[in-house]
Q: 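One structure, pasted below without further comment.
Computed from heavy atoms alone, side chains included, the values below leave out hydrogens, waters and symmetry copies. Chain letters run A, B, ... following the sequence lines, proteins first and then strands; every chain starts at 1.
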Protein chains: 4
Amino acid sequence: MDAGKLQPGPALRVSGAVLRERYHAVRARTEALAARLSPEDQQVQSMPDASPAKWHRAHTTWFFETFLLLPHQPGYRVFHQRFSHLFNSYYEAVGVRIARASRGMLTRPTADEITAYRAHVDAAMGALLEQNTPTIAALVELGLNHEQQHQELLVTDIKHAFSINPLHPVYSAAAATPAQRSAPALRWLDIPGGIHDIGHDGDGFSFDNEMPRHQALLQALRIASRPVSVGEYLEFIDDGGYRRAGLWLSDGWATVQAEGWQAPMYWEQRDGAWISYTLHGDAPLRHDEPVCHVSYYEACAYAAWAHKRLPTEQEWEVASRLHGGVKAQQDQQIRVHPRPLADGFTQDVWEWTGSAYLPYPGFRVAPGAVGEYNGKFMVNQMVLRGRSCATPPGHARPTYRNFFPPAARWQFSGFRLAEDV
Amino acid sequence: MDAGKLQPGPALRVSGAVLRERYHAVRARTEALAARLSPEDQQVQSMPDASPAKWHRAHTTWFFETFLLLPHQPGYRVFHQRFSHLFNSYYEAVGVRIARASRGMLTRPTADEITAYRAHVDAAMGALLEQNTPTIAALVELGLNHEQQHQELLVTDIKHAFSINPLHPVYSAAAATPAQRSAPALRWLDIPGGIHDIGHDGDGFSFDNEMPRHQALLQALRIASRPVSVGEYLEFIDDGGYRRAGLWLSDGWATVQAEGWQAPMYWEQRDGAWISYTLHGDAPLRHDEPVCHVSYYEACAYAAWAHKRLPTEQEWEVASRLHGGVKAQQDQQIRVHPRPLADGFTQDVWEWTGSAYLPYPGFRVAPGAVGEYNGKFMVNQMVLRGRSCATPPGHARPTYRNFFPPAARWQFSGFRLAEDV
Amino acid sequence: MDAGKLQPGPALRVSGAVLRERYHAVRARTEALAARLSPEDQQVQSMPDASPAKWHRAHTTWFFETFLLLPHQPGYRVFHQRFSHLFNSYYEAVGVRIARASRGMLTRPTADEITAYRAHVDAAMGALLEQNTPTIAALVELGLNHEQQHQELLVTDIKHAFSINPLHPVYSAAAATPAQRSAPALRWLDIPGGIHDIGHDGDGFSFDNEMPRHQALLQALRIASRPVSVGEYLEFIDDGGYRRAGLWLSDGWATVQAEGWQAPMYWEQRDGAWISYTLHGDAPLRHDEPVCHVSYYEACAYAAWAHKRLPTEQEWEVASRLHGGVKAQQDQQIRVHPRPLADGFTQDVWEWTGSAYLPYPGFRVAPGAVGEYNGKFMVNQMVLRGRSCATPPGHARPTYRNFFPPAARWQFSGFRLAEDV
Amino acid sequence: MDAGKLQPGPALRVSGAVLRERYHAVRARTEALAARLSPEDQQVQSMPDASPAKWHRAHTTWFFETFLLLPHQPGYRVFHQRFSHLFNSYYEAVGVRIARASRGMLTRPTADEITAYRAHVDAAMGALLEQNTPTIAALVELGLNHEQQHQELLVTDIKHAFSINPLHPVYSAAAATPAQRSAPALRWLDIPGGIHDIGHDGDGFSFDNEMPRHQALLQALRIASRPVSVGEYLEFIDDGGYRRAGLWLSDGWATVQAEGWQAPMYWEQRDGAWISYTLHGDAPLRHDEPVCHVSYYEACAYAAWAHKRLPTEQEWEVASRLHGGVKAQQDQQIRVHPRPLADGFTQDVWEWTGSAYLPYPGFRVAPGAVGEYNGKFMVNQMVLRGRSCATPPGHARPTYRNFFPPAARWQFSGFRLAEDV
């Protein structure tokens with residue numbers, strides 16, 4: 001799920017009132033996430049894969065301006081002539097001066113000007129939403145899901161930016177934490193082999209990479225009832241996991257050495273004890289939480305060490321359906337750190353699978369501007385399933401295909417194990 | 001197929017005489033390939049992914065010394081104490097001074113010393129081969145297949161090295177070429193959906209990534225009767241293929257721009273006409289040959305332009321079995337350029353598939369030194385099927401899984417199209 | 001003159017009232033420069049050599065805290081424990097997380113917090129300045145000159161940051177501009193050979209790299225009465241100056257090719273006409289201004305084209321003394337673009353000389369913390385003389401030695417020609 | 001002194017027989033140096049600043065072909081049409097495929113073909129040398145001095161190439177070594193201030209960067225009677241020299257950290273003892289030898305540690321003239337490691353001075369092809385004076401200006417100290 005993972009979906013039937021309310025709720029949530037950030041915080045791009053918070057706020061707004069207001073609202077006046085250039089993440093022509101890695105260089109427009117831009121577009125959208133045609137409803141739903149993806153990125157991106165500041169800023173005060181307990185005992189769930197349906201059935205919103213629904217042949221397997229815990233992962237570290245080349249994929253080992261990895265991202269040892277930077281500030285590790293901020297490489301090395309493997313995305317999808325699905329959590333308040341592990345497939349970390357991100361059988365690129373680039377990310381990435389603590393309420397489902405390059409660690413990413421029968 | 005793609009296979013039953021003859025034939029073929037090269041040619045490493053010819057000759061010899069002679073031939077004396085360090089492609093410990101990309105820096109041992117090393121090992125192997133135990137036979141067979149892989153790399157690596165020399169050296173005089181004709185008309189072969197067997201059945205040698213044999217569910221498809229031709233590919237170029245971002249995977253387009261790609265590797269325009277560097281010297285393009293030296297990115301862009309797709313490796317394997325298999329060509333003489341296209345699945349270019357290189361269901365890493373790194377390359381690479389003009393005689397089979405990163409172009413790599421029914 | 005060019009000078013005799021007034025004037029000027037910037041503008045570091053405006057404001061304040069308040073004001077409480085780490089440009093220990101090139105990553109402290117930091121230190125300094133001991137006066141004078149250096153950098157750094165923003169922000173509205181006229185006719189001033197005094201005589205403040213005063217032997221020369229104009233430089237461009245390797249130093253030509261230089265920094269051609277980005281916005285070139293934002297390499301290439309050479313810094317210093325000196329301009333208002341050329345040595349661009357930045361004969365590093373790094377920049381840089389439009393009032397003098405690497409262009413840097421008699 | 005440091009000099013009067021003998025002696029010495037190298041050794045370029053031995057042999061030959069035979073020998077037939085492109089170190093046009101750093105990629109022409117090229121040119125030169133016109137004599141003398149420069153580079157380049165080979169090849173067996181003794185006691189020589197003549201007087205060959213002879217004003221100084229010894233340098237290391245940022249130039253310290261320098265190049269610690277790689281094989285350090293393979297940065301750091309400084313090149317030249325000059329050593333046999341220190345200015349290491357490499361007053365670029373690039377290296381380099389063990393016999397003189405970037409260490413470079421009176 002990154003800035004370019006835009007994919008159109010089918011039209012949905014909802015009443016105009018529901019759509020308007022949903023529009024305002026999603027848009028307001030973005031602003032609530034940003035409200036804790038200073039203008040300086042919203043400016044920074046702390047690594048090439050991240051984007052400034054300000055940019056996320058503007059780019060999601062640009063979506064509605066470009067795909068809803070300009071084609072469907074006669075007489076709409078763009079807020080600023082140059083914004084379509086500044087906030088279009090797809091623009092590919094030669095000579096563009098603002099490369100992806102240079103988004104943090106744009107001090108203007110300021111965060112305040114982005115606030116005005118959002119208000120301008122929201123006002124115009126208010127009028128447009130009065131027309132609840134299927135086309136508009138589908139595009140709005142797509143825009144809202146797109147904005148939710150950027151909400152998650154906004155959180156993970158600012159976590160990285162704060163982490164490299166020696167002051168280790170606190171994004172939000174920590175909620176009172178329940179006392180540490182053990183993670184639930186790991187059980188092995190039996191998943192039967194045979195032909196299973198995979199992919200979204202078209203009922204409700206999905207991105208098009210979840211379709212077409214199709215059949216896949218699985219061999220029987222056993223899958224863990226929950227992801228790997230911090231406590232379990234510490235055993236891997238203590239057993240020399242980061243020093244034993246034989247456990248790693250070749251590219252993974254090269255990364256370990258080039259980057260000096262010795263633990264998950266954001267962990268550091270102080271006076272012999274492990275501390276983790278979180279958006280609630282520095283904190284000692286909790287053994288009952290899911291291990292988080294690990295790459296695909298680390299997930300595979302752990303699995304090799306444990307003599308298991310990762311499930312494929314098809315196995316994960318079938319298992320999750322058989323064992324309670326993925327619950328779309330409501331956030332009482334915005335949560336920015338994983339809760340302790342529970343049994344099942346509704347966790348606070350995305351889970352790496354052993355599947356490369358590739359098109360489903362029969363996948364076809366949608367015609368037109370919105371669909372121009374549907375399949376363009378389907379190489380060099382691995383699929384993650386589930387959801388994380390940063391996933392907005394209502395955004396998760398069992399068929400959701402998230403994807404990142406195998407070395408990525410700044411997302412809330414963990415993993416669970418599987419084994420052949 | 002690269003320097004590190006070593007995988008053990010099952011023991012094979014052949015007579016001692018057959019094994020000895022085969023050993024000497026494969027070893028002699030390596031020397032025949034190198035005989036056309038000066039000591040300087042054997043020294044050079046023209047890009048990080050390539051290796052010097054001298055290194056290929058030594059590394060394949062190191063295999064027999066390390067896995068056959070040292071454990072199984074009592075009293076064997078190594079040729080040189082330091083060679084196990086210099087020619088071990090797997091060595092991962094910290095502080096190694098000869099990184100993969102620095103193989104071309106080692107001027108000593110000289111090519112002549114490698115010749116002596118090979119003779120020393122061959123002499124000792126002659127004695128060892130008298131014992132034709134199943135273990136030894138299996139390891140020898142593995143060593144010979146490993147050496148054949150390096151024979152192909154030796155050819156593709158020297159092609160790259162020669163290509164960047166303004167003198168464009170000729171590796172071997174061109175054979176008399178038949179007159180240009182049209183590529184055979186492209187037909188669409190119907191492949192039925194349903195459950196198919198995939199992978200090697202264990203009869204004869206295979207690498208372990210071809211196993212276990214398992215079942216896969218395919219949807220019905222149509223697949224081209226031959227790969228894309230040079231003539232067809234020129235239409236893609238002429239239609240702006242290398243300038244239209246919308247046709248490319250995102251990573252592919254970034255590579256096109258970063259590398260300035262405008263055509264397959266080794267092609268250049270002189271006075272308005274396309275010339276290709278070949279190991280027989282510069283030559284005008286032949287429209288009836290398979291397009292070659294293209295990356296996975298280019299294969300995908302062409303497919304998008306043609307409104308088709310690449311077949312998966314399972315589809316390719318099933319189709320090739322239904323339509324004549326992959327013939328293991330004998331080489332009268334060493335061939336270093338693809339012949340014109342013929343119908344079927346025995347071509348002179350490897351064919352990119354749409355499948356990421358991942359373990360088959362039930363794949364397990366073999367224990368012990370030989371198998372230490374079996375699965376370590378199973379990330380960030382795509383599968384190619386078939387064979388090429390540089391593949392040694394007898395080395396190809398329908399289940400063979402070759403694999404390279406999606407940007408690789410220096411292999412003899414082409415592709416064929418498929419489409420859903 | 002960069003963030004690390006701190007050098008102590010001798011104690012000065014001024015009354016306490018004068019020192020206090022001067023302290024407040026210099027400190028206020030920094031804030032006036034920053035007042036035109038948004039918090040986002042103050043955050044950005046648009047290239048490794050530049051620093052965020054916020055950082056300049058904090059680092060200059062850190063100087064007074066570290067070298068005045070902590071050692072000389074009993075009971076002084078630091079504003080924030082970590083600031084000495086964040087804003088110390090000299091800190092060299094291993095493991096520092098905030099490298100020079102990462103200053104723009106620090107979103108906290110915010111610009112507002114820096115304002116509070118400055119107020120805290122200014123209040124404490126007010127008390128300290130009541131004691132006007134020679135040591136304190138000397139350190140304060142050094143701190144104020146240091147701050148003035150950063151004022152100039154603040155202007156040049158923000159110019160770069162704004163220039164890469166497609167919106168091309170305006171820093172300050174342009175003053176009414178006099179009509180274009182010709183640059184004054186270039187005259188050749190005769191400078192006699194013989195032994196001349198070079199360097200500062202110790203009367204009034206100087207940096208220690210201007211000392212000791214010593215004698216140098218010059219050969220007679222002729223030097224231009226003014227720097228090269230934009231109009232003259234355009235002739236060089238039109239004559240293929242940026243395409244003729246033979247005119248360039250070898251390293252200069254490599255830079256031209258690697259960076260794609262075709263004109264001074266900030267110039268671009270639109271619809272066939274040259275436009276220059278300035279802090280007053282985009283503007284057509286004026287032929288009567290000094291050419292500016294050129295590197296030493298460009299200055300040398302122009303000189304080769306004109307069959308002249310650059311003067312050495314000794315020649316420049318002698319010539320400027322003989323022809324009116326360098327006037328310390330007062331700024332009515334803050335000026336951020338060079339005025340048209342006038343005769344003489346008081347110009348609005350620094351002038352590259354042909355001298356490498358090296359210690360004067362007899363130069364000695366001062367003992368103690370302030371002087372720890374006096375000579376550390378004396379390699380790989382060339383000397384510039386004079387002043388620029390961004391130099392604060394009162395900061396210029398004929399013996400001033402500014403220095404930058406030969407490829408630097410983001411300062412207001414031009415040059416004048418000389419020739420042997 | 002590198003591949004591009006070609007500079008013409010004045011015509012010399014020598015008899016034809018002397019010139020012919022000299023031509024053959026210098027050319028033969030190059031071949032004697034290369035005779036100890038395998039074709040593979042001659043092929044390698046182990047770092048961008050180095051060149052293959054084969055290239056040195058060809059490039060020096062190209063000089064005679066291009067500047068002597070083609071313009072002055074009617075009917076001369078070039079050996080190979082493309083060689084002027086392959087072996088011209090000055091060629092600057094866009095689109096050249098063989099960049100300076102890629103010389104090691106050219107496996108053809110082979111070393112044997114270069115031998116034939118040299119013989120072809122030598123035969124033609126034999127005829128040309130019958131005409132002993134002043135122009136030809138001057139160009140030949142320049143070509144021979146140019147070739148001598150490349151002889152020294154051939155030695156230093158192969159030393160680097162061998163050093164990175166774990167086998168640490170021996171270039172020549174070590175001569176019997178006299179027992180270690182102490183370096184001669186360091187004395188401080190008084191050099192009077194005043195006006196001194198600097199530069200070559202035009203009697204005999206010199207490069208044009210040694211001219212024009214001119215006057216310089218020196219302050220009185222004291223200069224060491226010999227360079228710093230290995231024993232003295234070890235004290236600096238033991239005193240934490242490589243860990244104390246305060247001793248280093250800023251760029252020097254950055255290099256120490258980036259490169260992990262802990263000692264001079266080619267030194268390593270084994271089992272607690274220092275070993276140095278030499279062209280005679282690995283050897284323990286000798287305290288009585290000059291320290292060697294140090295950069296300008298290390299020389300300056302040592303001087304700061306010793307509370308001294310480096311002499312300027314003018315001071316060095318004056319001091320060497322007053323104290324016995326620089327003797328042009330004859331080599332009985334080719335020497336490839338510095339002898340123990342002796343008193344005076346004839347040492348086996350080049351000596352870094354504190355002077356940047358800049359034109360002498362009145363320096364002018366010579367017209368025409370040979371002189372095209374005379375001054376192009378006069379930036380970003382420091383001057384070294386003296387000679388080294390690798391300098392060919394007869395090539396050294398007190399006015400010789402060698403120059404390298406301040407981080408260069410692969411030359412035989414040491415330094416001596418000076419101090420103000």
Q: Working to the nearest 0.5 angstrom, can you tell me the gap between D:L86 CG and B:L167 CG?
A: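 The distance works out to 5.0 Å.
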Q: Which value, rounded to the nearest 0.5 Å, describes the distance between D:I164 atom CD1 and B:L106 atom CG?
A: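 Output value for this atom pair is 7.5 Å.
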Q: D:E40 versus B:K54: any side-chain heavy-atom pair under 4.5 Å?
A: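 Side-chain contact under 4.5 Å: yes.
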Q: Is the CD atom of B:Q269 crowded by more than 12 outside heavy atoms at less than 6.0 Å?
A: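 Yes, the 6.0 Å shell around CD holds more than 12 heavy atoms from other groups.
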Q: Could you tell me the separation between the CE atom of D:M105 and the CD atom of B:Q45, rounded to the nearest 0.5 Å?
A: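 The distance works out to 7.5 Å.
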Q: How many angstroms lie between OG1 in B:T107 and CG in D:L37, if you round to the nearest 0.5 Å?
A: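 If we round to the nearest 0.5 Å, B:T107:OG1 and D:L37:CG are 8.0 Å apart.
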Q: For D:E31, does the CD atom have more than 12 heavy-atom neighbours from other residues, nucleotides or ligands under 6.0 Å away?
A: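 Yes - once you tally the heavy atoms of other residues, nucleotides and ligands closer than 6.0 Å, there are more than 12.
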Q: Look at the side chain of B:N165 and the backbone N and O of D:R108, then say whether any donor-acceptor pair between them is shorter than 3.5 Å.
A: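 Here the side-chain-to-backbone pair exists.
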Q: Can you tell which part of D:P52 gets under 4.5 Å to a heavy atom of chain B, answering side chain, backbone, both or neither?
A: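 Neither part.
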Q: On a heavy-atom basis, which atom in B:G104 and which in D:V44 lie closest, and how many Å separate them?
A: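 Looks like O-CG2, 3.5 Å.
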